[in-house]
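Note sheet for the following structure.
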Amino acid sequence: MSSQSPRVIISGGGTGGHIFPAIAIADALKKQNSSTEILFVGAKGKMEMKKVPEAGYPIEGLNIVGIQRKITLKNLLVPFKIIQSLKRARGIIRNFSPQVAVGVGGYASGPLLRAAANKGLPTLIQEQNSYPGITNRILARKAKKICVAFDGMDNYFPKEKLVITGNPVRQNVVDLEGKKERALSHFKLSAERKTLLVIGGSLGARTLNNSLLSHLEKIKESGIQVLWQTGKYYFADAKEQSNSFDYDGIRTLEFIREMDLAYALADLTISRAGAMSISELSLTKMPSILVPSPNVTEDHQTKNAQALLSKGAALLVRDENAQEELIPLAIELIQDEDKLRDMSQKAGELAKENAAGRIAKEIFELIG
């Protein structure tokens with residue numbers, strides 16, 4: 001590597017599933033070479049504009065939005081915003097002079113990586129899902145390397161550019177050693193009961209919440225306890241209903257910040273099948289029941305889930321069947337210790353450790 005400080009631009013965001021991997025990559029770059037200068041580029045008004053500075057990195061915003069799936073006048077503005085964002089991206093690149101540009105998916109990565117490739121800069125894409133979005137498929141044509149988490153990605157990308165690294169996960173989330181006692185105390189739950197963890201993504205999931213509310217009586221009868229992340233839109237209602245139900249084994253939270261403690265405590269997890277969730281479940285050796293979201297492009301969460309399902313590390317319940325089937329299945333499974341042990345072992349076999357470090361290594365190789 002040259003003697004000057006490496007300069008890396010990282011773009012993307014929109015959801016935690018894009019932002020946290022991006023921050024994990026930045027941390028790994030700093031760990032491998034502390035003099036690395038990093039600039040993030042996000043979409044104005046999106047959560048990266050808050051989360052990235054909280055993690056200690058500078059960020060510039062592009063005035064970019066995605067195409068709405070429903071017919072709306074806002075879609076007419078999209079081409080103008082793309083042109084405006086490309087111009088702004090060129091200015092950011094000119095001012096920062098990066099040696100490589102990294103895209104993690106999300107609105108901002110399109111204009112930024114396009115501008116970088118047009119300037120002759122090497123670009124690297126990190127694709128989290130087993131089914132890539134349209135932005136990454138377009139950007140792949142000019143990318144030098146494409147880091148992926150799932151097998152079979154040569155169906156969508158040129159094989160010679162692919163590097164299987166796994167998804168970068170925040171290390172503190174999957175480091176569970178010796179944390180169970182602290183977790184019990186933190187969430188005020190009992191060491192005597194089996195614990196079911198329910199997480200519907202950072203915004204929650206109506207289906208998972210309704211499934212729980214439909215079976216409060218069954219949960220009480222079973223004697224298990226539930227650690228439940230509702231998401232902010234559903235929290236007030238879920239809290240009121242679970243509080244009015246006379247059972248001390250349900251802990252209702254809007255958002256769980258201490259995911260390491262939640263995983264350390266859980267015997268079984270119910271989750272959507274976002275790419276980062278799949279990575280966390282395998283790295284924590286967590287038996288799971290997955291309910292893929294029906295509201296994602298090309299049903300990619302079902303494709304993500306296949307990684308765990310095909311190895312016997314998870315079970316799947318369809319969104320439309322969840323309200324009836326999900327909680328009875330979870331109660332049955334959580335009592336079967338042999339089955340849980342087997343699923344845990346199989347989940348662990350799929351884990352790809354130190355993905356962020358591997359991606360950082362690929363980035364430094366592109367700098368040369």
Which atom pair, heavy atoms only, marks the closest approach of Ser85 to Asn63?
OG-O, 3.4 Å
Sidechain-backbone polar pair: Ser293 side chain, Asn295 backbone, donor-acceptor under 3.5 Å:
yes
Sidechain N-carboxylate O distance under 4.0 Å for Asp336, Arg341:
no
Tell me, please, which residues at least two apart from Thr252 pass side chain to side chain contact (heavy atoms under 4.5 Å, CB included).
Trp228, Thr230, Phe235, Ala238, Lys239, Ser242, Ile250
Those residues that, when tested against Glu37, pass salt bridge (Lys or Arg N to Asp or Glu O under 4.0 Å) (two or more places apart)
Arg7
Hits for salt bridge (Lys or Arg N to Asp or Glu O under 4.0 Å) against Lys50, two or more places apart or cross-chain, chain-then-number order -> Glu54
Any salt bridge linking Arg88 with Glu60? Criterion: basic side-chain nitrogen under 4.0 Å from a carboxylate oxygen.
yes
The complete set of ring-ring contact (aromatic ring centres under 6.0 Å, His included) pairs with one or both residues in residues 139-188, sequence neighbours excluded, reads Tyr131-Tyr156
May I ask you to check whether over 12 heavy atoms, not counting those of Arg137, lie within 6.0 Å of atom CZ?
yes
Before accepting this row, confirm whether a basic side-chain N of the pair Lys145/Glu365 lies closer than 4.0 Å to the acidic partner's carboxylate O.
yes
Cation over ring face, Lys46 and Tyr107, 6.0 Å, 45°
no
Does CD belonging to Glu192 count more than 12 external heavy atoms closer than 6.0 Å?
no
Salt bridge or not for Lys346 and Asp342, using N-O below 4.0 Å?
yes
In the hydrophobic cluster built from side-chain contacts under 4.5 Å, what are the other members alongside Ile134?
Ile138
Decide if atom CZ of Arg251 counts as having more than 12 heavy atoms of other residues, nucleotides or ligands within a radius under 6.0 Å.
yes
So, Lys30 and Asp27, do they make that salt bridge, N to O below 4.0 Å?
no
Atom NZ of Lys303: over 12 foreign heavy atoms under 6.0 Å
yes
Charged N to carboxylate O under 4.0 angstrom, Lys194 versus Glu337?
yes
Is the backbone of Ala275 close enough, under 3.5 Å, to the side chain of Ser279 for a donor and an acceptor to pair up by distance?
yes
Co-membership, hydrophobic cluster, residues Ile334 and Leu265, 4.5 Å side-chain:
no
Do Met47 and Ile19 make a side-chain contact, defined as non-hydrogen atoms from C-beta onward lying under 4.5 Å apart?
yes
Test item: side-chain donor near acceptor, Ser211 and Gln323, under 3.5 Å
no
Examine distances only and state if a side-chain atom of Gln128 and a backbone atom of Val104 form a donor-acceptor pair shorter than 3.5 Å.
yes
Hey, does Leu227 have a side-chain heavy atom less than 4.5 Å from the side chain of Leu196?
no
Listed by chain and number, what are the salt bridge (Lys or Arg N to Asp or Glu O under 4.0 Å) partners of Asp260, not counting sequence neighbours?
Lys179
So that I can tick it off, tell me whether Asp248 and Lys220 are bridged by a salt bridge, with the cut-off set at under 4.0 angstrom between side-chain N and carboxylate O.
no
